[in-house]
There are 2 protein chains.
Amino acid sequence: MSPAEEQQRIERFVAAHRESGLPVTIQRRAVFDAILDRQDHPTAEQVYRAVRQDRPQISRVTVHRILGTFVSLGLVAKTCHPGSAARFDPKTHQHPHLVCLDCGGIVDVEDPRLNRIAWPKVNPREFTIQDYHVHVRGRCRQEARARQRRPNVRRASAGIATL
Amino acid sequence: MSPAEEQQRIERFVAAHRESGLPVTIQRRAVFDAILDRQDHPTAEQVYRAVRQDRPQISRVTVHRILGTFVSLGLVAKTCHPGSAARFDPKTHQHPHLVCLDCGGIVDVEDPRLNRIAWPKVNPREFTIQDYHVHVRGRCRQEARARQRRPNVRRASAGIATL
DNA sequence: CTGCCTGCAAACGATTTGCACCAGC
DNA sequence: GCTGGTGCAAATCGTTTGCAGGCAG
């Protein structure tokens with residue numbers, strides 16, 4: 001992310017708090033800094049570990065709460081995930097994800113065709129569509145290699161492959 | 001589901017077990033029966049409660065394990081969900097889901113246009129695409145009404161709206 | 001008869017909640 | 001100073017695992 005763009009994101013971060021009357025605390029700054037440049041869609045736990053390097057006193061619970069606040073302010077996106085833990089994404093614009101069913105990894109896709117999908121025809125009284133999200137599922141390179149070495153590792157209840 | 005179609009699904013259930021050399025146990029039959037006609041994408045817990053009406057001795061753990069097995073046999077689909085618990089779907093063919101961000105409900109969509117989306121251009125060495133899934137997110141009728149009565153209920157960490 | 005399955009209990013990871021204290025505005 | 005945020009501990013929820021006995025093939 002370019003320095004100018006980063007600066008813009010930080011201003012948006014402050015403005016969103018001002019508008020909602022929420023205080024801009026040290027912890028919120030730290031969490032936002034920690035996630036802003038991440039491309040790897042970290043879990044709350046991973047964000048916690050990153051923040052702790054700067055602020056060892058911060059609590060795991062606080063990181064969870066702050067990430068929740070950021071999501072409702074539209075500052076970060078929460079993406080649902082086949083594995084147990086939710087993933088957070090500093091990119092809030094519409095974009096699909098590649099999800100590896102074997103390792104749980106998530107990679108962004110920038111393919112404009114997938115951002116212009118027609119919305120399904122639904123009775124607007126029954127359901128109000130807000131947006132959509134595309135999960136493209138498969139296997140990443142690292143996992144493909146691992147399978148070549150030890151094929152058929154997968155057992156009935158193994159890993160997140162059960163998506 | 002028509003009786004003929006249901007019969008076909010049950011045959012497929014038995015065949016899949018035969019092919020994999022897995023025993024067709026009473027419990028597996030019961031779990032399959034319990035989920036076969038469900039349109040509401042139940043959680044493992046909900047399946048457990050349904051099965052328990054027929055077989056009160058069944059264990060919650062067993063239901064989890066059996067659902068995992070069914071997913072890897074391709075007999076049911078597991079869909080990731082903004083809320084905490086995974087949802088199971090007896091419909092295994094490609095179809096998008098409407099997900100209500102307020103109540104967590106899931107409704108099937110049958111719109112052929114959304115089943116023919118072009119796959120993103122990805123280097124096949126980097127990632128092997130298997131399939132994709134579309135989550136259409138918004139608000140269902142019941143929740144829309146609830147909001148009319150008591151608007152702005154949503155707080156920072158409220159519900160699953162934090163997707 | 002043999003191996004996988006089931007059930008129990010317990011562990012586990014992710015997330016939420018109640019409460020006293022503290023810090024932004 | 002007031003309001004809401006933070007940190008701690010503990011509870012909760014969904015799910016997995018280790019192990020002793022049971023059932024399908």
Side-chain angles (χ1 to χ4, degrees), chain A residues 13-15 17-32 41-49 51-52 55-73 78-88 104 155-163, chain B residues 13-15 17-32 41-49 51-52 55-73 78-88 104 155-163:
Chain A
F13 159 82
V14 175
H17 281 74
R18 291 265 148 73
E19 284 164 27
S20 308
L22 298 173
V24 178
T25 63
I26 310 273
Q27 290 87 342
R28 285 189 183 155
R29 277 187 190 283
V31 171
F32 194 68
H41 311 79
T43 64
E45 180 69 22
Q46 290 172 314
V47 175
Y48 167 60
R49 284 173 205 231
V51 175
R52 214 169 32 163
R55 317 203 74 74
Q57 349 71 308
I58 201 170
S59 155
R60 181 180 279 108
V61 185
T62 300
V63 174
H64 272 279
R65 273 187 294 221
I66 288 179
L67 287 170
T69 307
F70 286 177
V71 172
S72 47
L73 290 177
K78 184 179 179 180
T79 180
C80 71
H81 190 268
S84 33
R87 307 303 191 93
F88 295 89
R155 291 289 302 130
S157 152
I160 42 186
T162 50
L163 172 64
Chain B
F13 159 82
V14 176
H17 281 74
R18 291 264 150 75
E19 285 165 26
S20 308
L22 299 173
V24 178
T25 62
I26 310 275
Q27 291 87 342
R28 284 189 183 154
R29 276 188 191 282
V31 171
F32 195 67
H41 310 80
T43 63
E45 180 69 23
Q46 289 172 315
V47 175
Y48 167 60
R49 285 175 205 231
V51 175
R52 215 169 30 162
R55 315 202 76 73
Q57 349 71 307
I58 202 169
S59 156
R60 181 181 277 106
V61 186
T62 300
V63 173
H64 272 279
R65 273 187 295 221
I66 288 180
L67 286 171
T69 306
F70 285 177
V71 172
S72 47
L73 291 177
K78 184 177 178 181
T79 181
C80 72
H81 190 267
S84 32
R87 307 303 192 93
F88 295 88
R155 293 287 305 131
S157 151
I160 43 188
T162 50
L163 173 63

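Order of the sequence lines sets the chain letters (A, B, ...), proteins ahead of strands, with each chain counted from 1.
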How many whole angstroms separate atom [atom1] of [X] from atom [atom2] of [N]?
| X | N | atom1 | atom2 | value |
| --- | --- | --- | --- | --- |
| B:Leu73 | C:dC5 | CG | P | 10 Å |
| A:His81 | D:dT15 | NE2 | C1' | 16 Å |
| B:Arg52 | C:dC8 | CZ | P | 11 Å |
| A:His64 | C:dT17 | NE2 | P | 13 Å |
| A:Arg60 | D:dA9 | CZ | P | 12 Å |
| B:Tyr48 | D:dT16 | OH | C1' | 16 Å |
| B:Gln46 | D:dC13 | CD | C1' | 14 Å |
| A:Glu45 | C:dA14 | CD | P | 6 Å |

> Axis-to-axis angle across the helix from C:dC1-D:dG25 to C:dC25-D:dG1, five pairs an end, to 10 degrees?
Replying inline: 40°

> Does A:Arg49 have any side-chain hydrogen bond (donor to acceptor under 3.5 Å, both in side chains) partners at least two apart in sequence or in another chain, and if so, which?
Replying inline: A:Glu45

> With sequence neighbours left out, what residues match A:Arg55 under side-chain hydrogen bond (donor to acceptor under 3.5 Å, both in side chains)?
Replying inline: none

>> Any non-hydrogen side-chain atom of B:Ile66 less than 4.5 Å from a side-chain atom of B:Val47?
In response: no

Between [options], spot the one nearest the side chain of [X], thanks.
| X | options | answer |
| --- | --- | --- |
| A:Ala86 | C:dT17, C:dT6, C:dT15 | C:dT15 |
| A:Val61 | D:dA9, D:dT16, C:dT15 | D:dA9 |
| A:Thr62 | D:dT15, D:dT16, D:dG7 | D:dG7 |

>> Determine whether a donor-acceptor pair (N or O, by modelled atom type, separation under 3.5 Å) exists between the side chain of B:Arg60 and the backbone of B:Ala44.
In response: no

> For A:His17, does its backbone N or O pair with a side-chain atom of A:Ser20 as donor and acceptor, under 3.5 Å?
Replying inline: no

Partners passing side chain to side chain contact (heavy atoms under 4.5 Å, CB included) against [X] (at least two apart in sequence or in another chain):
| X | result |
| --- | --- |
| B:Arg29 | B:Phe13, B:Val24 |
| A:Gln46 | A:Arg38, A:Pro42, A:Thr43 |
| A:Val61 | A:Ser59, A:Arg65 |

> Which part of the nucleic acid does B:Gln57 contact within heavy-atom distance under 4.0 Å: base, sugar-phosphate only, or nothing?
Replying inline: sugar-phosphate

> For the side chain of B:Arg65 and the base of C:dG7, is some donor closer than 3.5 Å to an acceptor across the two?
Replying inline: yes

Between protein and nucleic acid, restricted to nucleotides 23-25 of chain D and to nitrogen or oxygen atoms under 3.5 Å apart, what atom pairs and distances do you find?
| from | atom 1 | to | atom 2 | distance (Å) |
| --- | --- | --- | --- | --- |
| D:dG25 | OP1 | B:Val24 | N | 3.3 |

>> Taking the nucleotide of DNA chain D with the nearest heavy atom to each, does B:Ala44 or A:Gly21 sit closer to the 5' end?
In response: A:Gly21

>> The criterion is ring-ring contact (aromatic ring centres under 6.0 Å, His included); which residues satisfy it with B:Tyr48, sequence neighbours excluded?
In response: none

